[in-house]
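Note that the structure is predicted; figures quoted are calculated from it, not measured. Both counts, for ligands and for their atoms, begin at 1 and track the order of listing.
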Amino acid sequence: MNDDSSIARLAAILRDETERARPGDRLPSSRELMRRHGVSPVTVSRAIAQLSAEGRVVTRPGSGAFVAPERGRAQAPDLSWQTVALDDRMVDDSAVSGLLARPADGVIPLTGGYLPPDLRPLSALSAAAARAVRRPESWSLPPLNGDPGLRRWFASEAGGTATPDDVLVVSGGQAGLTHALRALAAPGRPVLVETPTYPGALAAAKAAGLRATAVPVDQDGVRPDLLAEAFAVTGARVFLCQPTLHNPTGATLTLERREQVLAVARAAGAFVIEDDYARYLGADPIPPSLGSMDTNGTVVHIISLSKISAPSMRVAGVIARGPAAHRLRASQVVESFFVARPLQEAALEFVGSPAWRRHLAAVRQEILVRQGALLSGLARYVPQAEVELRPQGGFHVWVRLPQGTDEAAVVEAAQRKGVLVSPGRIYYPSEPPGPRIRLTHIASSSLAELDEGVRRLGTAFQDTR
Ligand SMILES: Cc1ncc(COP(=O)(O)O)c(C=O)c1O
């Protein structure tokens, strides 16, 4: 094993040992470290390189590694001047970083939103990437709005009247949200969001200086009547919506409501940002996207490839028209020019390969099985928990805990028992209506691990009663 975690673990042990040792003391030989810690030579040499970079050890070729003299050790620099230099414009990444955090060894993740390694189409992705990086032109400047073939593919996926010229390739759905929010609303303006909603969208809105106003969702998605009211009360010109397999509730907006939402937005002269992050995760056919039903540039439609492939497939298409599209393109060019061309070409190779359709079918099947296992585990181990909706796919289940439950205490107790769950409060822009947690079935490595995770959650829940 020489993965990042074993290197970090060995480095931590050696760091401790060097703290206790005297300058000049010799560290055990590489062979001895391999034997003691059951690690490979690469892990040993990387861990020692890390300590050497920190100034804690010095290596002498042929003699070994030694605890560095006192003056060579890294002194914590005095960075307090930065507190004075920086103003209070802090970007709050805590909820998103929490969702992206890697669980410690032995801890079962019922959080996160990406396929685990076993379900990623790794050989197809590697083959696609290998072909892409071999082409010399992959390293040249692409069209700034994205590879033409990839834009053609996103336009045909988007449906409706979308053309390749309407597509901007960006670095993942999160970047699409950020660019859309920045492009469509000036700092200080309101933006309407579903409540509850994806914390990454709330964080992006806040980072863009926007004030998020919540519009409730029910089992059929956002409530068009309340959306109309929210537009009227706030004067907002942007509504951020996940019509399909909404994160966290799993609700899918019905066709009738899709029509109503578009009509309400048009009447308010407002944009709808359609975060179509889960379009490939549906077990059943899903209604047409808002983007494909749009006739007058109301919808900015974001289609991401990361959820269905791998977290590092940081590629998404943003489909928009008119001056809004121009602003989106400008936002991306000013921020980062364009998405790395090898990645765009790898994405195009992958979605154009026969593996793509096979992979879609396999993931949809796996979602059905895992969702069933999560729901039956919940009924068995946490019968007090109420699942408001059985989603038609997706990775998540939104769970209502009995009124009076201390949500934070359940999350913490679960962590102590070795299972990660998402606290409901991070999904609300304002006061949560009661205790909730979001559970994810896709991140665990197997069905057995998923079941064990829910069992641990059950014991944690009992401990907090
Ligand atoms: C609802 C929703 N939208 C967008 C994203 C962004 O994903 P990505 O940037 O990987 O496309 C996520 C990721 O968790 C999500 O849950």
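- Of the candidates His396, Lys307, Gln242, Lys307 brings a heavy atom nearest to atom 14 (O) of ligand 1.
- Side chain to side chain, Tyr198 and Gln174 meet the donor-acceptor criterion of an N or O pair below 3.5 Å.
- A donor and an acceptor atom, one from each side chain of Thr244 and Arg258, are located under 3.5 Å apart.
- Ranking the protein heavy atoms by distance from atom 3 (N) of ligand 1 puts Asp275 OD2, 2.6 Å first.
- For atom 16 (O) of ligand 1, the nearest non-hydrogen atom of the protein is Asn247 ND2, 2.8 Å.
- When each atom of ligand 1 is checked for a heavy atom of Ser304 under 4.0 Å away, the hits are 8 (P), 11 (O).
- Atom numbering of ligand 1 starts at 1 in the shown order; those under 4.0 Å from a heavy atom of Gln174 are 6 (C), 8 (P), 9 (O).
- Taking all heavy atoms of Gly113, Ser306, Ala201 into account, the minimum distance to atom 8 (P) of ligand 1 is reached by Ser306.
- Side-chain contact check for Ser289 and Ser292: at least one donor-acceptor pair (N or O, by modelled atom type) lies under 3.5 Å.
- By the 3.5 Å distance cut-off applied to N or O atoms, Gly173 is counted among the residues near ligand 1.
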Between Asp463 and Lys417, is the salt bridge (Lys or Arg N to Asp or Glu O under 4.0 Å) condition met? List the steps. CA-CA 10 Å; Asp463 285 0; Lys417 298 273 180 198; 3.0 Å; yes
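- In terms of protein heavy-atom proximity, atom 9 (O) of ligand 1 is closest to Arg314 NH2, 2.7 Å.
- Under a 4.0 Å criterion applied to the non-hydrogen atoms of Tyr114, ligand 1 contributes the atoms 7 (O), 8 (P), 10 (O).
- Side chain to side chain, Arg321 and Asn296 fail the donor-acceptor criterion of an N or O pair below 3.5 Å.
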Could you check Trp356 against Tyr280 for ring-ring contact (aromatic ring centres under 6.0 Å, His included), going step by step and ending with a plain yes or no? CA-CA 11 Å; Trp356 167 247; Tyr280 302 112; 5.2 Å; yes
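- A donor-acceptor contact under 3.5 angstrom links the side chains of Asp451 and Tyr381, judged on distance only.
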